Each structure stands twice: as C-alpha cells, then as structure tokens.
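If you're wondering where the values come from, they're calculated on a predicted model, not measured in any experiment. Below, chains carry the letters A, B, ... as their sequence lines are ordered, and counting in each starts from 1.
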Amino acid sequence: MNIQQIEEFARQIWDQQQVYRVDIDPDKPKCYVLDMFPYPSGAGLHVGHPLGYIASDIYARFKRLQGYNVLHPMGYDSFGLPAEQYAIQTGQHPAITTENNIATFRRQLDQLGFSYDWSREIRTSDPDFYRWTQWFFLLMFESWYNRNTQRAEPIAELIRHFEQEGNYNVNAWCDAVMPFTAEQWRSFSKKQKSDILLRYRLAYLDETWVNWCPALGTVLANDEVKDGRSERGGFPVERRRMKQWMLRMTAYADRLLEGLEALQWPESIKEAQRNWIGRSYGCSVFFELVTQQGQPLVHEGIPLKLEVFTTRPDTIFGATFLAVAPEHELVAQLTDDQYKSAVQDYLAQVASRSERDRIADALHVSGQFLGSFGKHPFTGQLLPVYVADYILATYGTGAIMGVPGHDERDHRFASVFSLPIVSIIEGQNVAEDAYSLKEGVLTNSDFLNGLSVPEAIQAAISEIERRNLGQGRVHYRLRDAVFGRQRYWGEPIPIYYDEEGIPHGVPKEALPVRLPEVDLYLPTSEGEPPLARAQQWKYEGKYEYEKTTMPGWAGSSWYFLRFMDPHNNEAFAAPEALRYWGPVDLYVGGDEHATGHLIYFRFWTHFLYDLGLVPFQEPALRLVNQGKIQGLSCLIYRLDDGRLVSAGQRNSDAYKDLHATLLHIPVALCEGDCVDIEQLRQWRSDFAEAEFIPEADGSFRCVHQVEKMSKSKHNVVNPDDLVRKYGADCFRLYEMFLGPLEQDKPWDTKGIDGCYRFLRRLWRLFMQENGQLHITDEEPVEAEWRILHRLIHKVTRDIEQLSLNTAVSAFMIAVNELTDLGCRKRAVLEPLLICLSPFAPFTCEYLWHALGHRSSVVMASWPQSDQRYLQQLTFDYPVAINGRTRLKLTLPLDLPEERIEQEVLATEGVRRYLEGRKPKKVIIVKGRMINVVV
RNA sequence: GCCCCGGUGGUGGAACUGGUAGACACGCAGGACUUAAAAUCCUGCGGCCCGAAAGGGCCGUGCGGGUUCAACUCCCGCCUGGGGCACCA
C-alpha cells in the first residue's frame, strides 16, 4: 500500500475525467453544498481549518453518488485587512500578497482531495466580481423601503410620489423627515432633494456616531468591535461622529427575525441573531415640558414635548423623573439658564470618557439636572428632567421615563439623586432594590390597579393611544450598518460627487469602478483615506469619487450567488442558474460569524428578493457550525533557579515547595508526555546548558493543557506533515472520527494510528501481501449481506445528519467483521467501497479501478440497503428483574408476547431470582427487552 | 443579570422516539509470531467487594430530589465549563 502512488493515481483519474465539473442539468435534482468563504491568510492551515471542508466534502460526494447534481465550489474572500497591513509595512501591493497567499491555500486544499469545481473559483478582489458588488450597492442606493408593502422599491417611484403628493401617504422605513407637499418638493433645490432622498435610500450617507479605530485608521461595524476593541488586532475603538455610507438594514429587522423560524440552523446561532436584532415591544409616550415655574416650554411657537420609549408602560405611575442622553437634540432647549454651566461641564466630562471607560464603569451613576420638568400625562405631576450618560442616544428615542421602583438602573440613579422611589406592584418593597420582574399585580396606578403586568402593559398602551399621548411601538437593537471603510484594499464605493457635493451613483454601464494605484497605503496627511492619494482618479476626469471602500463583508454577502454562474458578463448570475441552484442546501462554517456575515448575507438576499432578482429570500436553508479544534499544549516546569523539573518530580517532596513556572514547549518535541530532552536543548538556547531533573526511570515528562491552537503556545499541528505521513484519506477519516462535527475538541495526533490501521485492514480485504488483487465473484452468505446492508443503512443516515464520527466507526466495525469472516466477495466489497469513497476518496478510487472499473468511483451510484438483511429473526433479549439486567435470552422475534412470558418464566435463571415468588408484572418490549417485576 | 449549548472509563467519544451504559478508537498490561525490530494477530482493562476458580454482589453517565416496571435520556432545584447579549429603557 503505497500512499503516494494511490494519491497520484486517483488525482490523475479525477483530472482526466473532470469529475468535479458541474453544469445545470434539469433532469437531475440539485444540491448546493457550500463552505464559508475563507480569507486567504498568509499563515497557512492548521489541522482545525479543514474540519468543516472535509465534512462538507463528504456530504457533497455522498449527494453526488445519490444522483444529485452537486454544486460544491470554493473561492476567496480576498479583500481584507491583513494584506493591507502587510502592504503598509512593506510596500508590497496587497494584490501580490493576496495572490501568494491564495497559492499556498490552494496547495494545502488540493492535497486533501476536495471535490470542488475549481472552474468556478471566484475572488472578491477581482474586478469582474466586485463590479457586481458595486452594482448591488447602486441598487440599494436606488431603493427605499416601503413599510406598506414590506419590501424595497425603486426610489424613482418614490420621487414620482413626491412630485404628485409630497411625502404624504408615504410609509417608509427612513430617517425623520418633515412633511412636505408636492409643490414644496418641486420648489426644493437639487441639494435639498438629494438630502431628503438620502433619508429614504437603503444605501445612504449620514452623519452618525461610529466606531472609530485609530490604530487601523478606519471605522468598524458593531460586530467588528468586541469589548471596546477591534476584533482584528484588538486595538482600542472610540465613538466618533462621522459622515458615512450606511445600509438601512434595520428596515429588514422584522423579516430577518421572523425568517429564522423556518431555517434549519443551530439554535445558538438563531438565538445570537435574535439577541442581536433585539426586538422589543413597547410604547412611546410624550411628556409636555415646563419650566421650574410651571410655564410651558415653547420652541418657535410650538410647545415642546419629550418623547420617551418604554417597554414597561404599565409602570408609568411609578415614573418619578425623566432622563435624556447627552447627545439628545433637546438638551440645550431643556436647560434652564441657572443650570447652563453645570450642564456644559457635565457634557464635557461625558465627552472625555471613552466608550471603553463607559462600559468598564457601567455601575457608576452620573447625570445632571437640567432645570426643567415633564408633566406626567396622567397625574399632572412634575417630573424633573436630567441628562444622564446611562441613556443611549441610539436606542429608542434617546430619552426615558425613570421608574426607579422597577428598573435597576433607574433605581441606582434615583438613589444617587435622592429622587422618590415608589412601588406600583402589590407587595413589593423597592426601597433597597428595584423589582424588575414582569410579574405581579398593579397598585398605586389608577386605572391599572388590579391588573397583572401583561394585562397592564396592554391597557396602558390602549389608554395612551386613546388619549393621543403616544403609541405602541417596536424597537430594535440592530443598527444600520456602516458601509464605508477608510482603507485601501476593498471595493471602491461607486459614487461620485458633483460640483455641489451631491452624491450620484456611477452609471451601471461604467462599472467596475476600479481600485486606483496609490503610492502609499496610508491616510493622507489631511487624514483622508488612502484612495485620496490617487489624484488623477476622477469620474469622467472631473468628479471626485467617494474615497472610502466597502467593508470586508460586502463581497461575502452575495458570493454564493456568483458561484452559480461565475463567468457571466451580462449579469451577476443568470436567472436560470439562480432558479436551478439556489438556495444553498448545506452551509458549513464557524459560529463566529453569527452576528456578522450570517446576518449581512441574509439581509442582502432579502433585498435582492424584493427586487425580484433572486427567487428565494433566505440564502441558506441548512447551516452547520463545525467546532473548533483545540490544541493540546505541552508544558514543562522551570524552577526559579533555571532548573527544569519533570512533571512527576515536581510534586515530590524535594520540589513541591519550590516556585516553578510552566513553559510552553513545541508539541513536536513530545511523544505522549515524554519530552525529547536533546531536541529541547537545541530548540531554545537557554535550555542548551540547563539542568534537567528527570523521573526515576530517566524520562522527562511534561504536562498537557487543552487550549486554543496558536503559534505562541507552540501547539499548532500542521496538516501537511500528517498528510505526507499517513495520506489524505487517513487524515480526513481521523478528523471526522475525532468526535461530533459541531463540538469543540482537542487535537491529539496519537489517535490517528487507529484510522491508519483501518485503511490497511480495508486494503487487505482486497489485496494480497504481494499486491495482487484477491477478489471472488462468489455469492455472499447471509452474515456477509447483513454486515453490508447494516452498514449502508447506518452510513446513509449518519451522513444525512452529518454524524460523521459514527459513520467512520460503522466502517471500522464492518471491516473488522468482514476480516473475521475472511470475506473477499465483490458483491459485498464493491458497495462498501462506494460508501467509503466520500470519506477516503483516494484509496477507494484506486481500489475501484483495481476491481476493473474504467470510470471514476465519483460517478458510481450509492447502494440501497435491503430491508431483508436489516431485520433479524431472533433477538438476544436482556432480561431484567426489577429493572436490573440479570441475564440474556435468545428468542425468535415473531414470538407472541404470551409465549415470550412463558419462556421467560420457565427459564432457570429467572426462576432462581424469583425464589418462588409470583411476578407482579412482566413487561415485554418486542425486540428490545424484558423486565420482570416482583 | 438574562439567553443558548455542554459535563459519560486513563483519553477522544457511542447509546435510535425512556429499554443491555461505555460501541468504535487511542492508551495501557499480558501474550503469539520474529535472532531482533517493524508490521500483524490474540487476551484483558469503569470502581469497590466476595471467591482458588467458575461465578456472584453492590455502586456507577457533574450534584441533590422526583416521575417510571425501567432514566445518560423526561421534570424540579443546584454545581460547573464554553458561547452569546447587556446602563438596549
């Protein structure tokens, strides 16, 4: 069994017969199996990376054998930060870095024998690809969201509506717009019209608070920020107000939420998306505002009102103050002269605190009284208005009614500012702590008294609406996505600005807007993005292009569509291709994309569906997250004096009281927990002369720890070495055998021998010692048929459920049993080979040809399991006395229950346990077990 | 704090809709073959106890209860690891 020879042979067959190329075939059912688009990093693969690829490859090969036309493509998400950071450091164009990395990546993928149709390879940084990414952006720029029809519609229709009726009777998902008539619309300047339209467009320019990362020199989306730091690189992030291109994703919040129901996705991902979208149902309430003297506050002749949002309108009688966010637009108007300087000081203090300080200091309460009051809409009581930084400008209306009795934050605030705290839930004492559960009966609440909380919420909303004080409302935590990045290596946003600074979409015929060459990949001295360095880069030679580029997730939001028709020059994909291939049937990738890519890609697809460009709303029906493979680190003890102590000795009396540090050493230097001291001395110079204190048997031992696989922990295992030593098939089998696909699990190379032995045993079923095929055409006996059909049955089900670890063990069992029987029969071994081929394609291809086939095993047909051989005639019943299994009894399966009972009670072993007592009951589950209750 | 997912031998893990807990594999121990090694094969391996042995008993799926003839599986209450969300009104 020569691995190199086998792999070369199989590769040649696949290559010659072009077995992985697919095209639309209306006569066959399709199956689209997709891996999450990798970013080709320079570091290469470690054993954790291919896990999902192997699983999806097995599934794809399986479906192909079952007669499906399988689309299983691969490509690269090749725009991104690392190549650009490298460019900044070295000056090497990111395209070159990317090209090199892709070559490495491809080589590593190829050696594992994946069944990708490489003729469909795509790259997001390819102008033929990003042309369409830009095209989609323009479609969003040219669309608005109609809440009446619940879908995106062309902005041209909206303009027509404006011309006829102004913005009356428009129910759009948009930013606040003053009402205007058709006459007014016609009288607006170009600039005014543009500004208004931006408030409706799904891709729009707006000044907002963004996550600015100074170290990366760019803004980041919410999902790219973790705990106040950038997800990539871990650099500090601050809040900054900037003009940015945004995508009005919030318009889709409800549909994104509801669409989750029907998806076959892991519950954890759905839950993460639900949290991220964060839908909450509540009510807005307007509070009339008055001065300290009780005079109404008026602005331009209109009485001022403060709109708050609450999910607990039932607690309105418990409200004792109002609070607004520091950024709230009414802060200035609400500030009484007497408090002006105090408020200004407070605002300055808030501004100086970074986002991270604010998060870290969440329990610290701060705020400032503004000197004005809100009039309670039911009691007429005057509630003081505060500005407080625990109120977020970006959530709800940026203002709240403070109900300290029933909200913890409000309670903290009221305690600090000595505001009244009242309970409106019967029997709850809220002096010390807020009672925030939505349970109980209302009290001190006028018309709500006696109602339960849920009833009271409904009643309060109805009453508020009836009296025109506000209305029931839904709010989302989800924010519109910031779409511009102040970076070089991304898709240019296809927008140019005219003389008046009005943004225009580049005509679609002029796409792609190509990324210009620049001398440096850094911002300009004026702080403009790197694209500003390309001074000749102008639309039609005179208009300034938008200088920011798209974020990393732009291309990956729709790439799955391009795979369906990757070389189409007329469209992003032909309608027939979309109809035939879409949507993705199985999507495999990591769960770290739960609130990033997986939401964007759903949003993007919903949008295209609205425009009638794709015939499905959800991009992927079934999603599976492969678990992470953790590293098994090796660590040794170093005493403070530099001596190195073997792990067993460390706890002996001689050393246990000395202080020791644990050091990571390369896993390659360890065989189990035995360390190769000679190699260790060579590995690090300070170990060269160190004193090693070994075990009594002379060995030197390390301890193990399961943790993330990383270079710094010296626990990275590279697949190349393993593939060279054991072959790709063995590697694939072992990765699957390790445990359930979805589960995180530690990598331990030791176990790979089991899979290697399995492959050799398989080989010996076919081949003699001398390498000659040894197969007969004899009719298999019952036992052999049974082994085969049980295997087919189990493996078919297991692959369908992606329970690949149990499938591998089923193969091991079958091969062990066939070996014991000395089975060398073609009728058994040939179907077995087909079943195994998705897991071990190289070996199976080789043996398939050895059996005399000319075409590839990839083209074979998945065998059917035969019911006859799955059913057994007799069964070894476990017989339990009082629930405890005592003995076994072999009985025919078709024996009626009365007969079984007779047999059981007549059995010597059972009689012994009964000791003459009469059984109370005999429970018989046919084909399962028997339980005698005494 | 809220939500989701886990916890089974020395190790990775198996167990269908409640029905023989520990499949398969690693590892370890002993043995066969061999001048030797590799390779291969055989036997044993959850814990405690009784027994010379054959065999038998008790305990055992994070912990404590419960439902049931029967619980890794269902219910209640905890402990613990991982992940998500979080001054989100």
Please check if the number of heavy atoms outside A:K628 that lie under 6.0 Å from its NZ is greater than 12.
yes
Taking the six-membered ring for Trp, are A:F758 and A:F737 closer than 6.0 Å centroid to centroid?
no
Taking atom P of B:C24 as reference, at what distance in whole Å does atom CG of A:D820 sit?
11 Å
Contact under 4.0 Å: A:N805 side-chain N or O vs B:A14 OP1/OP2
yes
G-U wobble or Watson-Crick pairing nucleotide for B:C45 (cut-off 3.5 Å, both distances)
B:G27
Given RNA chain B, 5'-ward residue of the pair A:T310 and A:E267, judged by closest heavy atom:
A:E267
Integer-rounded Å distance: B:A86 P and A:R477 CZ
4 Å
Short side-chain N/O contact to B:U17 OP1/OP2 from A:R928, under 4.0 Å:
no
Side chain A:N931 and base B:C69 donor-acceptor under 3.5 Å:
yes
Separation of atom CG in A:D753 from atom C1' in B:A38, rounded to whole Å:
13 Å
Classify the side chain of A:R757 versus the base of B:C26 as yes if they form a donor-acceptor pair under 3.5 Å and no if they do not.
no
Both A:G396 and A:N816 contact RNA chain B. Taking the nearest nucleotide for each, which residue is further toward the 5' end?
A:N816
Rounded to the Å, how far apart are A:R790 CZ and B:A23 P?
16 Å
When rounded to whole Å, the CZ to P distance for the pair A:F737 and B:C26 reads 8 Å
